[in-house]
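As structure tokens, the structure follows; a few thoughts come after it.
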Amino acid sequence: MQTTYFWCIALTVSCITFVLSDVNIRNAESSALCYDKVDSPYILFSTKTGYRVNQNKDDEEVKVKGCVAKQLWLMSRHGTRNTGTKDMIKMKEKLPVIFKDIKLNHKEGRGSLCEDDINNLEDWEFIANVTEDKFLVREGFLELKGLGRRFQRRFPTLLSKPFVNESYEFQFTDSERTDVSAQAFAKGMFGKKDSSNVYMKKSGKPDNLLRFYRTCDKWLKEVDENPNATIEKKLFEETPEFLSMIKSVSDRLGFTSLRTIGDIDLMYSMCSFDKAWRPKDLSPWCAVFSENDLQILEYREDLEYFYEDGYGYSINYEQACTPLKHIIENFRQTVQESEVSRPKGFFYFTHSGTILKVLARMGLFKDTVRPTHLNRLDIRKRAWRTSLIDSFASNVAFVLFKCSDDYRVTAYFQERPVRLPGCSHELCHFREFVNQYGSLAEKCNIEDICRV
């Protein structure tokens with residue numbers, strides 16, 4: 001632009017006016033593209049999506065004519081957390097170095113970030129405590145507290161106050177983030193006073209209910225340690241659309257050579273965690289990406305989780321029969337022993353890998369076409385979308401109702417009723433539920449399933 005400007009000075013004043021007008025037009029266009037000015041920015045970041053995106057704010061009491069809720073079984077992923085210590089150190093140390101180069105590029109007239117976005121990046125600070133490795137953050141506590149409160153309001157007769165320990169079972173995995181998530185949920189459900197008396201059980205090892213895959217030899221060999229399980233993700237990283245995303249980001253930041261995937265991942269990770277930690281605030285590092293860039297990165301994550309935790313390999317969901325067995329055994333016992341006092345609720349707090357495998361075992365969110373490195377645009381409306389089914393605090397619940405004609409079951413995902421495979425309605429006859437899943441529960445022998 002400067003070359004053109006001085007060349008025009010040598011010609012006419014009118015040419016100078018034209019060039020200045022062109023500069024103003026380009027500045028106006030640049031301002032229009034400011035991430036700082038986007039009213040509804042893209043906020044779907046695969047498994048690092050905050051739960052506010054998926055929560056159901058409608059907490060009106062669930063009333064089913066002729067039915068009474070008798071038992072509730074819920075499994076939730078922990079709330080929003082820190083990333084790992086190693087990643088936090090990288091973010092804290094390397095991102096300011098990357099920004100110095102971005103700022104220099106901007107001063108030299110390269111890149112398309114607007115002044116506001118540059119200023120936001122300059123003001124950005126890494127505020128997390130790097131020693132708190134994957135700890136639950138305040139937003140995660142609020143997510144689970146809200147979840148507990150809304151379920152209590154939907155089922156006030158079943159989840160009645162004051163709290164009685166014998167009526168409920170709480171269990172979490174051996175991790176800080178699930179422990180504190182369970183406490184937050186109980187506080188939301190029973191209030192500060194009663195929640196302090198809740199007995200919280202920490203899972204032992206092996207944890208066949210909440211982290212079964214950690215000790216499943218077959219899964220470890222066929223999936224976790226198998227390079228082929230990530231082949232679609234790796235092939236996607238070599239496609240023209242993925243490489244164009246890297247060029248798009250590099251150009252936007254004013255670099256004359258392509259940034260590495262490592263740099264892209266670091267900026268993307270900061271963008272997503274920033275937004276999850278503080279959902280009401282702007283995430284400066286998200287300005288680095290266009291909406292299409294973010295969708296491409298989101299799809300790459302979907303490929304990874306489909307093959308490592310979902311329908312990509314049968315062992316992923318075959319090993320997830322233990323939670324299903326637990327549901328059916330407890331519901332069946334409640335049905336058969338209707339006059340005996342039984343627990344009103346079972347509440348379990350776990351991780352992404354468990355939630356996805358359980359969803360697949362239930363037959364939920366299964367597309368007719370498998371995702372591959374070549375068909376992203378063909379399956380934009382895919383059901384297997386981790387931003388929507390595996391955000392922080394994602395949850396699945398089952399409620400057993402005693403109705404005038406039969407016992408029935410309703411499944412809730414992200415606090416909304418869903419119709420299960422094999423069920424004619426969302427309010428599923430208990431016999432339909434057992435017909436669909438009973439044999440899977442009866443054949444559930446984790447040692448046999450996981451034997452290599």
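All residue numbers in this chain count up from 1 along the given sequence.
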Between [atom1] of [X] and [atom2] of [Y], what distance do you get to the nearest 0.5 Å?
{"X": "Thr80", "Y": "Glu143", "atom1": "OG1", "atom2": "CD", "answer": "3.5 Å"}
{"X": "Leu147", "Y": "Ser76", "atom1": "CG", "atom2": "OG", "answer": "5.5 Å"}
{"X": "Asp217", "Y": "Ile449", "atom1": "CG", "atom2": "CD1", "answer": "13.0 Å"}
{"X": "Lys234", "Y": "Phe242", "atom1": "NZ", "atom2": "CZ", "answer": "13.5 Å"}
{"X": "Arg361", "Y": "Lys325", "atom1": "CZ", "atom2": "NZ", "answer": "14.0 Å"}
{"X": "Glu308", "Y": "Lys357", "atom1": "CD", "atom2": "NZ", "answer": "8.5 Å"}

Is the closest side-chain donor-acceptor distance between [X] and [Y] under 3.5 Å?
{"X": "Ser160", "Y": "Lys344", "answer": "yes"}
{"X": "Asn82", "Y": "Arg177", "answer": "no"}
{"X": "Asn120", "Y": "Asp36", "answer": "yes"}
{"X": "Thr322", "Y": "Asn208", "answer": "no"}
{"X": "Asp390", "Y": "Ser352", "answer": "yes"}
{"X": "Asp293", "Y": "Ser248", "answer": "yes"}
{"X": "Ser46", "Y": "Thr386", "answer": "yes"}
{"X": "Asn292", "Y": "Ser290", "answer": "no"}
{"X": "Glu415", "Y": "Tyr51", "answer": "yes"}
{"X": "Thr178", "Y": "Ser175", "answer": "yes"}

Is there a donor-acceptor contact under 3.5 Å from the side chain of [X] to the main chain of [Y]?
{"X": "Thr354", "Y": "Thr350", "answer": "no"}
{"X": "Asn445", "Y": "Glu447", "answer": "yes"}
{"X": "Glu426", "Y": "Ala411", "answer": "no"}
{"X": "Gln152", "Y": "Gly148", "answer": "no"}
{"X": "Asn54", "Y": "Ser387", "answer": "yes"}
{"X": "Ser250", "Y": "Ile246", "answer": "yes"}
{"X": "Lys275", "Y": "Asp281", "answer": "yes"}
{"X": "Asp207", "Y": "Ser203", "answer": "no"}
{"X": "Asp367", "Y": "Ala383", "answer": "yes"}
{"X": "Thr372", "Y": "Leu374", "answer": "yes"}

Between [X] and [Y], is any pair of side-chain heavy atoms under 4.5 Å apart?
{"X": "Lys201", "Y": "Tyr199", "result": "yes"}
{"X": "Phe99", "Y": "Leu253", "result": "no"}
{"X": "Asn197", "Y": "Phe190", "result": "no"}
{"X": "Asp263", "Y": "Lys94", "result": "yes"}
{"X": "Thr334", "Y": "Gln71", "result": "yes"}

side-chain contact (heavy atoms from CB on, under 4.5 Å) between Tyr268 and Leu294, worked out: CA-CA 8 Å; Tyr268 177 64; Leu294 292 173; 3.7 Å; yes
Going by the angle between their ring planes, with limits at 30° and 60°, are [X] and [Y] parallel, tilted or perpendicular?
{"X": "Phe347", "Y": "Phe185", "answer": "tilted"}
{"X": "Tyr348", "Y": "Trp73", "answer": "tilted"}
{"X": "His78", "Y": "His351", "answer": "perpendicular"}
{"X": "Phe155", "Y": "Phe401", "answer": "tilted"}
{"X": "Phe433", "Y": "Phe331", "answer": "tilted"}
{"X": "Tyr299", "Y": "Phe236", "answer": "perpendicular"}

Stepwise salt bridge (Lys or Arg N to Asp or Glu O under 4.0 Å) check, Glu232 with Arg370: CA-CA 11 Å; Glu232 287 296 334; Arg370 291 165 70 91; over 6 Å; no
Using every non-hydrogen atom in the two residues, find where [X] and [Y] come nearest and quote the distance to one decimal.
{"X": "His326", "Y": "Glu169", "result": "NE2-OE2, 4.4 Å"}
{"X": "Met88", "Y": "Asn129", "result": "CE-O, 3.6 Å"}
{"X": "Trp384", "Y": "Gly310", "result": "CH2-CA, 3.5 Å"}
{"X": "Ala287", "Y": "Arg252", "result": "O-CD, 3.7 Å"}
{"X": "Ala229", "Y": "Val223", "result": "CB-O, 3.4 Å"}

side-chain contact (heavy atoms from CB on, under 4.5 Å) partner of Arg408, the single match among His425, His429, Glu432: His429
Sole candidate of Arg300, Glu298, Glu241 that passes side-chain contact (heavy atoms from CB on, under 4.5 Å) when paired with Arg376: Glu241
Reference residue Asp59; test salt bridge (Lys or Arg N to Asp or Glu O under 4.0 Å); the match among Arg153, Arg154, Arg416: Arg153
Within the 6.0 Å centroid threshold, strictly below: Tyr213 and Trp219: yes
Tyr35 and Phe289 aromatic centres sub-6.0 Å: no
Working for side-chain hydrogen bond (donor to acceptor under 3.5 Å, both in side chains), residues Glu301 and Thr47: CA-CA 8 Å; Glu301 301 298 295; Thr47 61; 5.2 Å; no
Worked check of salt bridge (Lys or Arg N to Asp or Glu O under 4.0 Å) between Arg431 and Asp406: CA-CA 9 Å; Arg431 63 178 179 274; Asp406 189 12; 3.1 Å; yes
Pair Arg385 + Asp302, salt bridge at N-O below 4.0 Å: no
Intermediate values then yes/no, ring-ring contact (aromatic ring centres under 6.0 Å, His included), Phe45 and Phe273: CA-CA 9 Å; Phe45 302 110; Phe273 272 103; 9.8 Å; no
Audit row: Asn226, Tyr313, side-chain contact (heavy atoms from CB on, under 4.5 Å) steps and yes/no: CA-CA 11 Å; Asn226 179 9; Tyr313 289 84; 3.7 Å; yes
side-chain hydrogen bond (donor to acceptor under 3.5 Å, both in side chains) between Glu304 and Thr230, intermediate numbers included: CA-CA 6 Å; Glu304 176 181 348; Thr230 58; over 6 Å; no
